[in-house]
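Some notes on the structure that comes next.
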Protein chains: 2
Amino acid sequence: MNPDATDRTILRLLQSNSQLTIKEIASRINLSITPVHDRIRKLEREGFIDRYVALLNRRKLGKSLIVFCNVTLDKQRKESFEEFNETVARLPEVLECSVVSGNFDYLLKVVADDVEGYNTFYQQNLSVLKSVLHISSFFVMSEVKSTTELPI
Amino acid sequence: MNPDATDRTILRLLQSNSQLTIKEIASRINLSITPVHDRIRKLEREGFIDRYVALLNRRKLGKSLIVFCNVTLDKQRKESFEEFNETVARLPEVLECSVVSGNFDYLLKVVADDVEGYNTFYQQNLSVLKSVLHISSFFVMSEVKSTTELPI
DNA sequence: GTTGAAACCGGTTGTCT
DNA sequence: AGACAACCGGTTTCAAC
């Protein structure tokens with residue numbers, strides 16, 4: 001059930017590069033192919049690995065801007081949260097959306113081509129929502145670090 | 001140089017599931033294996049695909065808490081930014097770090113086991129930095145959406 | 001957990017249209 | 001640029017230790 005040190009090493013390798021062959025992993029951790037193969041399948045089966053994905057290059061694809069925005073909902077309306085969650089889940093520009101503690105309700109991470117593109121998205125998809133009371137946008141000026149690798 | 005509609009379809013498929021075989025992709029877009037193979041290699045070579053990774057399940061690995069924190073630096077010290085950037089890049093608990101517009105300087109996304117674990121991380125790694133003037137932490141209470149898939 | 005073998009399948013390459 | 005065919009290498013499953 002719980003991954004041992006060997007399992008965690010395998011997970012660490014795979015979350016850094018999922019194209020490593022079983023052979024390569026096996027040689028790095030001084031095991032033969034069979035147990036490495038079985039461990040990976042087990043980690044997948046048990047849900048330690050959610051999925052395998054390709055990470056694309058934002059800038060190459062014209063998505064040069066990231067904006068974080070704080071959203072406060074109109075809490076008088078009890079449908080607000082459900083409505084907002086469903087809307088946001090459908091918007092492909094929203095990469096992340098979290099309910100957070102503190103002064104506002106949501107923190108969103110949005111990608112856009114540029115400031116103008118973000119403005120269009122904002123006007124057409126966020127500001128029109130009845131459930132939304134207030135939004136503050138923070139533009140990312142420099143991405144110091146961005147990783148999907150968990151510390152394990 | 002610029003990906004056409006077919007390339008973008010391939011990218012869309014790969015960023016959703018990088019384990020799709022060339023065969024499967026080919027049949028979905030009504031092409032034979034060869035052009036799909038060549039296009040993927042080209043997209044990799046030209047940097048549209050940054051890397052292939054396994055996305056692990058945070059909760060399964062005991063990393064149940066995500067905290068966003070706003071950090072304001074002591075701008076009197078001109079070494080502050082460099083110092084902070086380098087420190088943060090080395091901290092595995094920090095998944096993302098961005099310089100943002102607005103009232104504070106940085107927005108960090110941090111993972112921890114729990115509130116206590118975050119407190120330890122905070123005390124030992126963030127609050128001790130001379131470059132840091134102020135930090136506000138926002139705990140994620142619910143993750144509505146989290147994806148690595150860009151809208152393309 | 002290791003080794004070795006065998007079948008299978010996808011990736012890779014060359015050639016042709 | 002796409003289709004077809006042949007080869008190579010990794011994956012998968014098995015047996016035996």
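Predicted model, so just to flag it, every value in this text is computed and none were measured. Protein chains get the first letters and strands the later ones, always in sequence-line order, with residue 1 at the start of each.
- Salt-bridge check for A:Arg39 with A:Asp4: passed, with a basic side-chain N closer than 4.0 Å to an acidic carboxylate O.
- For the pair B:Asp113 and B:Arg59, the salt-bridge criterion is not met [side-chain N within less than 4.0 Å of a carboxylate O].
- Side-chain atoms of A:Ser136 never come within 3.5 Å of backbone atoms of A:Asn70 as a donor-acceptor pair (strictly under, hydrogens ignored).
- Although no hydrogens or angles enter the test, the distance criterion places a donor-acceptor pair under 3.5 Å between the side chain of A:Lys145 and the main chain of B:Val94.
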Atom pairs and distances, side-chain donor-acceptor, residues 120-130 of chain B, under 3.5 Å, sequence neighbours left out:
| residue | atom | partner | partner atom | Å |
| --- | --- | --- | --- | --- |
| B:Thr120 | OG1 | B:Glu116 | O | 3.1 |
| B:Gln123 | NE2 | B:Asn119 | OD1 | 3.2 |
| B:Asn125 | ND2 | B:Phe121 | O | 3.4 |
| B:Ser127 | OG | B:Tyr122 | O | 3.4 |
| B:Ser127 | OG | B:Gln123 | O | 3.1 |

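- Under the 4.5 Å side-chain contact rule for hydrophobic residues, B:Val100 and A:Val115 do not share a cluster.
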Original post:
Between A:Glu143 and A:Arg58, does a salt bridge (Lys or Arg N to Asp or Glu O under 4.0 Å) hold up when you go through it step by step?
Top reply: CA-CA 12 Å; A:Glu143 210 175 30; A:Arg58 252 176 50 217; 2.9 Å; yes
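- The closest side-chain donor-acceptor pair between A:Tyr52 and A:Glu44 falls under 3.5 angstrom.
- Within residues 41-48 of chain A, the residues having any heavy atom closer than 4.0 Å to DNA chain D are, in order of number, A:Arg41.
- Residue contacts for B:Thr21: at a heavy-atom cut-off of 4.0 Å it reaches the sugar-phosphate backbone alone, with no base atom in range.
- Scanning residues 8-18 of chain B for heavy-atom distances under 4.0 Å to DNA chain C yields an empty list.
- In this structure, B:Lys60 forms a cation-pi arrangement with A:Phe48, its terminal cationic atom sitting closer than 6.0 Å to the ring centre and no more than 45° off the ring axis.
- Summarising the geometry, the separation between CD on A:Gln19 and P on C:dG11 is reported as 10 Å, rounded to the nearest angstrom.
- With rounding to whole Å, B:Ile22 atom CD1 is found 6 Å from C:dG11 atom C1'.
- Pairs of Watson-Crick or G-U wobble type, with distances under 3.5 Å, assemble into runs of 3 or more in DNA chain D at these ranges: C:1-10 with D:8-17, C:12-17 with D:1-6.
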With 3.5 Å as the limit, what N/O pairs link the protein to nucleotides 15-17 of chain C?
none

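- A residue-by-residue look at A:Asp38 and B:Arg39 shows that B:Arg39 has its nearest nucleotide of DNA chain D further toward the 5' end.
- A single hydrophobic cluster is not seen to contain both A:Val88 and A:Leu133; linkage of ILVMFWY side chains at heavy-atom distances under 4.5 Å, directly or through other members, places them apart.
- Between the side chains of A:Tyr106 and A:Ser98, no donor-acceptor pair is found at a separation under 3.5 Å.
- A salt bridge does not link A:Glu83 to A:Arg90: none of the charged nitrogens lies less than 4.0 Å from a carboxylate oxygen.
- The backbone N or O of A:Ala54 sits nowhere less than 3.5 Å from a side-chain atom of B:Arg51 that would complete a donor-acceptor pair.
- Protein chain A contacts DNA chain D over a range whose 5' and 3' limits, counting nucleotides with an atom under 4.0 angstrom from a non-hydrogen atom, are D:dG10 to D:dT13.
- Checked for salt-bridge contact, A:Lys109 and B:Glu96 meet the test: a charged N lies under 4.0 Å from a carboxylate O.
- Side-chain contact between B:Ile22 and B:His37 is present, with heavy atoms from C-beta onward closer than 4.5 Å.
- Residue contacts for B:Leu31: at a heavy-atom cut-off of 4.0 Å it reaches the sugar-phosphate backbone alone, with no base atom in range.
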